[in-house]
Novice: 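Let me give you the structure first, and then I'll get to my questions.
Computed over heavy atoms, backbone and side chain alike; hydrogens, waters and symmetry mates excluded. Every chain is numbered from 1, with letters handed out A, B, ... down the list of sequences.
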Number of protein chains: 2
Amino acid sequence: MRSSAAGEAIVTLPPRCAACNVRDDALCATLEDAGLVALHGIGRRRTLPAGQVLVWSGDPNAICATVVSGVLKAMRAGPEGREHIVGLAFAGDFVGDLFADTANETIRVMTDAELCVYPRAALQKMLDAHPAMERLLLHRALGALDDARMWMLMLGRKAAGARIATFLLEMARRMGQPGPARFDLPMSRSEVGALLGMTIETVSRQMTSLKRRGVVALPGGRGVIILDRAQLARAAAG
Amino acid sequence: MRSSAAGEAIVTLPPRCAACNVRDDALCATLEDAGLVALHGIGRRRTLPAGQVLVWSGDPNAICATVVSGVLKAMRAGPEGREHIVGLAFAGDFVGDLFADTANETIRVMTDAELCVYPRAALQKMLDAHPAMERLLLHRALGALDDARMWMLMLGRKAAGARIATFLLEMARRMGQPGPARFDLPMSRSEVGALLGMTIETVSRQMTSLKRRGVVALPGGRGVIILDRAQLARAAAG
DNA sequence: ACGCGGATTTGATGCCGATCAAAGACCAGT
DNA sequence: ACTGGTCTTTGATCGGCATCAAATCCGCGT
């Protein structure tokens with residue numbers, strides 16, 4: 001596999017990393033074995049239950065992390081203390097801000113999650129020695145920017161029904177394995193509202209409407225089955 | 001200044017760069033003189049009149065640019081062909097996407113502008129030799145992400161009056177020299193609407209309302225004078 | 001199985017901003 | 001100064017979504 005060709009110093013990969021499901025997607029993918037050992041050395045694996053806060057907005061910005069499994073949300077406070085979700089992070093994604101001294105977003109775990117958490121300063125130091133890692137971070141930042149601008153378009157231009165449809169397609173893309181379009185939403189109705197800029201009641205009504213029209217089925221509290229993808233896509237465009 | 005300490009090879013700075021007003025803000029700021037000459041070599045200075053399109057969404061993504069003066073907008077098409085502004089670029093900012101093969105935003109000049117335009121491929125090649133330049137791009141990408149998330153919060157949560165107030169404060173910050181809060185908007189009412197997700201009529205009504213309340217004055221078509229910054233800030237929070 | 005608490009759904013009403021319409025301001029060119 | 005065109009302002013009406021309110025569903029511990 002990746003270790004110890006003839007003549008190289010032999011490096012033992014940490015077992016946790018060798019078996020990691022995001023080994024080839026996350027930051028780690030840019031590192032050769034020795035670099036991976038170094039990264040492993042500064043980080044700590046943590047398991048967090050749903051609801052836990054990783055970073056509080058306003059606190060000193062001390063840590064960044066790689067998402068190994070689970071889904072996280074980044075939130076900012078709007079007027080009247082109402083919170084808005086400005087970003088989601090899935091397995092393989094990087095969360096946190098490498099450069100800000102004060103965190104300006106609260107990062108909270110939506111579903112039980114595993115993370116590799118790194119002290120910001122140490123990670124920053126590694127960056128200087130690993131240009132490929134910095135390149136990946138640049139790619140990730142541009143990807144997050146693309147996401148944010150997609151949501152901007154939705155928030156600025158689309159009606160409630162189209163927002164829900166777009167949201168469901170996006171979640172299917174990110175969560176569902178290719179094939180049967182069945183997945184569980186990683187969030188409650190009220191969190192959907194906080195992401196799409198609408199009330200919980202409107203979220204519910206629009207979902208119900210899609211269900212009544214036979215476009216989706218909604219088994220259990222968070223299950224989603226896309227029955228008619230073409231019509232859902234049409235609704236998303238409207 | 002920056003050139004030819006004793007013992008160094010003497011490098012002649014291109015006159016255009018030596019006198020450039022964004023020399024210390026833009027990409028160029030990260031380069032020593034020799035690198036600057038190289039960057040100057042791959043780029044071309046262009047003057048574009050208001051309304052001109054730099055990049056069409058959907059076209060092959062061939063160029064990036066540094067804004068020397070003027071203001072540009074990045075747009076995406078929403079439903080029914082209506083366009084939404086997803087980003088602004090001011091003097092010193094970097095525009096374009098270094099990595100996408102197809103441009104997914106149209107970039108248009110809002111006020112007469114000067115740019116340094118670079119072929120994407122050549123710039124990408126320079127990046128490998130200049131880690132400081134890549135670091136700056138990462139910073140810029142994170143800054144753009146921060147902006148985008150600020151607009152998301154507005155579009156998702158704020159009422160029309162608060163959006164206009166926030167917008168005026170933001171423009172004052174970016175365009176006005178510190179001191180008297182007098183500046184000209186770089187865009188028409190309909191462009192304000194395309195940025196804030198509202199119709200031209202609502203933009204007009206909200207601006208008029210601020211004027212009637214004595215919070216701002218609106219001399220000429222695009223002039224803005226902030227008369228009561230505290231009240232404007234209060235309106236922006238609402 | 002039962003009862004409790006939170007989340008979701010459903011219902012009724014009112015307001016903000018979109019839409020349609022028209023009048024006024026501003027600018028460039030004659 | 002006049003004229004045509006575009007941008008902006010103002011007005012009237014309407015609809016979608018927020019808000020307030022209540023019923024129902026669901027998980028969970030006893």
Novice: How sharply is the helix from C:dA1-D:dT30 to C:dT30-D:dA1 bent, taking the axes over five pairs at either end and rounding to 10 degrees?
Specialist: 40°

Novice: Which atom pairs, donor and acceptor, lie under 3.5 Å between side-chain atoms of residues 164-171 of chain A and protein residues at least two apart or in another chain?
Specialist:
| from | atom 1 | to | atom 2 | distance (Å) |
| --- | --- | --- | --- | --- |
| A:Thr166 | OG1 | A:Lys158 | NZ | 3.1 |
| A:Thr166 | OG1 | A:Ala162 | O | 2.7 |
| A:Glu170 | OE1 | A:Arg173 | NE | 3.4 |
| A:Glu170 | OE2 | A:Arg173 | NH2 | 2.8 |

Novice: Can you name the residues that form a side chain to side chain contact (heavy atoms under 4.5 Å, CB included) with B:Leu153, not counting sequence neighbours?
Specialist: A:Arg76, A:His84

Novice: So that I can tick it off, tell me whether A:Asp184 and A:Arg182 are bridged by a salt bridge, with the cut-off set at under 4.0 angstrom between side-chain N and carboxylate O.
Specialist: yes

Novice: In whole angstroms, how far is the P atom of D:dA18 from the NZ atom of B:Lys158?
Specialist: 18 Å

Novice: For A:Ser190, which residues count as a side chain to side chain contact (heavy atoms under 4.5 Å, CB included) partner, sequence neighbours excluded?
Specialist: A:Ser188, A:Ile200

Novice: Got a list of protein N/O to nucleotides 7-13 of chain D N/O distances below 3.5 Å?
Specialist:
| from | atom 1 | to | atom 2 | distance (Å) |
| --- | --- | --- | --- | --- |
| D:dT8 | OP1 | B:Arg189 | N | 3.2 |
| D:dT8 | OP2 | B:Arg189 | N | 3.3 |
| D:dT9 | OP1 | B:Arg189 | NH2 | 3.4 |
| D:dT9 | OP2 | B:Arg189 | NE | 2.9 |
| D:dT9 | OP2 | B:Ser204 | OG | 2.9 |
| D:dT9 | O5' | B:Ser204 | OG | 3.1 |
| D:dT10 | OP2 | B:Thr208 | OG1 | 3.0 |
| D:dG11 | N7 | B:Arg205 | NH1 | 2.9 |
| D:dG11 | O6 | B:Arg205 | NH2 | 3.3 |
| D:dA12 | N6 | B:Arg205 | NH2 | 3.4 |

Novice: For B:Glu201, give me all partners under side chain to side chain contact (heavy atoms under 4.5 Å, CB included), at least two apart in sequence or on another chain.
Specialist: B:Thr199, B:Arg205

Novice: For residues 80-95 of chain B, pull every pair meeting salt bridge (charged side-chain N to carboxylate O under 4.0 Å, His left out), keeping only residues two or more places apart or in separate chains.
Specialist: B:Asp93-B:Arg174

Novice: Could you tell me the boundaries of the chain A footprint on DNA chain C, defined by atoms under 4.0 Å from its heavy atoms?
Specialist: C:dT8 to C:dA12

Novice: Mind checking what makes side-chain hydrogen bond (donor to acceptor under 3.5 Å, both in side chains) contact with B:Ser69, not counting sequence neighbours?
Specialist: B:Glu114

Novice: Please, which pairs that meet side-chain hydrogen bond (donor to acceptor under 3.5 Å, both in side chains) have at least one residue in residues 55-65 of chain B, sequence neighbours excluded?
Specialist: none

Novice: Could you note down all residue pairs passing ring pair (Phe, Tyr, Trp, His ring centres under 6.0 Å) where residues 96-115 of chain A supplies at least one of them, sequence neighbours left out?
Specialist: A:Phe99-B:His139

Novice: Please work out if A:Arg82 contacts a base, only the sugar-phosphate, or nothing of the nucleic acid, heavy-atom cut-off 4.0 Å.
Specialist: sugar-phosphate

Novice: Can you name the side chain to side chain contact (heavy atoms under 4.5 Å, CB included) partners of A:Ile63, sequence neighbours left out?
Specialist: A:Leu54, A:Val55, A:Val117

Novice: Indicate, with a heavy-atom threshold strictly under 4.0 Å, whether A:Gly197 touches base, sugar-phosphate, or nothing.
Specialist: sugar-phosphate

